[in-house]
2 protein chains.
Amino acid sequence: MSENMFSCVRTKIDQRKIENYHRMVNENKTGFKEIAKQIQLAGNDVRLKILWLLKQDEFCVCDLSDILQMSIPAISQHLRKLKDNDMVDFRRDGQTLYYFIHPNLSNYVKLIINDLVFEHQKEII
Amino acid sequence: MSENMFSCVRTKIDQRKIENYHRMVNENKTGFKEIAKQIQLAGNDVRLKILWLLKQDEFCVCDLSDILQMSIPAISQHLRKLKDNDMVDFRRDGQTLYYFIHPNLSNYVKLIINDLVFEHQKEII
DNA sequence: TTATTATTTAAGCAAATACTTAAATATGAT
DNA sequence: ATCATATTTAAGTATTTGCTTAAATAATAA
């Protein structure tokens with residue numbers, strides 16, 4: 001009967017506050033999960049570079065492969081994850097697929113890549 | 001001798017552009033890696049919830065354990081990762097460690113958690 | 001000192017991740 | 001049709017992640 005759902009004996013903290021926050025987090029559970037998923041995908045240095053590059057211009061898989069000096073399948077698999085989560089999209093021109101930032105990319109990720117500005121950016125054509 | 005560092009035969013794209021972007025990304029390699037690391041840590045729904053909660057108030061491990069309904073060691077290990085990357089810090093009050101957002105939390109992550117506002121937020125005390 | 005509470009740390013493990021190489025598609029050119 | 005190019009997909013694998021349980025610290029109280 002004296003089962004306690006709480007982990008510690010509190011003297012100072014307001015129990016109601018804990019329950020309120022528990023409820024808030026719970027009510028937005030799927031929200032947190034979806035946002036975390038997109039952020040997690042941006043939280044890989046290869047994909048972050050891809051997203052940053054696609055913010056500058058559209059590129060095909062082999063462009064990205066050359067720029068990042070990684071294998072075609074490795075790049076393709078990263079792009080697939082971004083594509084599956086509506087973070088990038090592509091258009092076909094002959095055999096070549098040009099990838100670009102999906103217009104519906106979440107604001108959370110947009111905020112990140114918009115802020116990624118480096119010193120040398122001005123040197124680019 | 002005819003080794004090609006490029007993955008595809010381009011007709012339309014400017015080779016110099018590819019080389020410029022390659023150089024830019026390379027010169028900021030560690031920058032991308034560090035930023036991606038912090039974003040990756042925020043890109044987990046448990047840690048995203050923790051960061052959001054700590055943005056609202058400071059909490060001890062067992063508070064977070066109760067709010068998120070997860071084991072103490074699980075929470076503690078998440079906090080350790082955030083601590084190791086200067087994303088959170090804590091103060092001691094007796095046996096209790098109160099965690100809070102590290103003042104130097106990167107802007108990339110600040111942008112995210114500042115934007116995480118939910119409907120029910122107003123109901124909280 | 002001994003016990004209690006708060007928290008961390010360590011060890012173990014299942015699942016997810018990020019590559020690799022090889023094979024499969026798809027479009028375009030001959 | 002056949003071949004070449006651009007890309008994806010599949011299978012295999014080493015590494016990382018996120019939990020679990022149990023043991024170790026650390027501060028406080030009796």
Under 4.0 Å between any heavy atoms, over every strand shown, what does [X] touch: base, sugar-phosphate, or nothing? Just pick one.
| X | value |
| --- | --- |
| F90(B) | nothing |
| K83(A) | nothing |
| I72(B) | base |

| field | Q40(B) vs C60(A), nearer the 5' end of DNA chain D by closest nucleotide | value |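 Looking at DNA chain D, the more 5' nearest nucleotide goes with C60(A).
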Measuring from atom [atom1] of [X] to atom [atom2] of [Y], what distance do you get when rounded to the nearest 0.5 angstrom?
| X | Y | atom1 | atom2 | value |
| --- | --- | --- | --- | --- |
| K81(B) | I50(B) | NZ | CD1 | 10.5 Å |
| Y99(B) | L53(B) | OH | CG | 15.0 Å |
| H78(A) | N44(A) | NE2 | CG | 5.0 Å |

Less than 4.0 angstrom between a side-chain N/O of [X] and OP1 or OP2 of [N], yes or no?
| X | N | answer |
| --- | --- | --- |
| S76(A) | dT7(D) | no |
| N44(A) | dA18(C) | yes |
| K81(A) | dT17(C) | no |
| R80(A) | dT9(D) | yes |
| Y98(A) | dT7(D) | no |
| S71(A) | dT20(C) | yes |

Nearest-neighbour nucleotide for the [X] side chain, [options] considered:
| X | options | value |
| --- | --- | --- |
| V46(A) | dA18(C), dT21(C), dC19(C) | dC19(C) |
| P73(B) | dA22(D), dC19(D), dT9(D) | dA22(D) |
| R92(A) | dT9(D), dT27(C), dG18(D) | dT27(C) |
| H78(A) | dA18(C), dT21(D), dT7(C) | dA18(C) |

| message | Can you work out whether L41(A) or I75(B) has the more 5'-proximal nearest nucleotide on DNA chain C? | response | I75(B)
| Option from I113(A), D89(A), V88(A) for which side-chain contact (heavy atoms from CB on, under 4.5 Å) with L54(A) holds |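 So, applying the side-chain contact (heavy atoms from CB on, under 4.5 Å) to L54(A) and each of I113(A), D89(A), V88(A), only V88(A) qualifies.
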Whole-Å gap separating [atom2] ([N]) and [atom1] ([X]):
| X | N | atom1 | atom2 | result |
| --- | --- | --- | --- | --- |
| L64(A) | dT7(D) | CG | C1' | 12 Å |
| D93(A) | dA26(C) | CG | C1' | 14 Å |
| L48(A) | dA18(C) | CG | P | 13 Å |
| R47(A) | dT17(C) | CZ | C1' | 8 Å |
| R91(A) | dT27(C) | CZ | P | 16 Å |
| L97(A) | dT25(C) | CG | C1' | 11 Å |
| D63(A) | dT5(D) | CG | P | 16 Å |

| query | Any Lys/Arg nitrogen of K17(B) or D57(A) sitting under 4.0 Å from an Asp/Glu carboxylate oxygen of the other? | reply | yes
| Does the side chain of N26(B) come under 3.5 Å of the side chain of R23(B) through a donor N or O and an acceptor N or O? |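 On atom types as modelled, these side chains do not qualify, holding no pair under 3.5 Å.
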| field | dA27(D) base / Q95(B) side chain donor-acceptor hit below 3.5 Å | value | yes
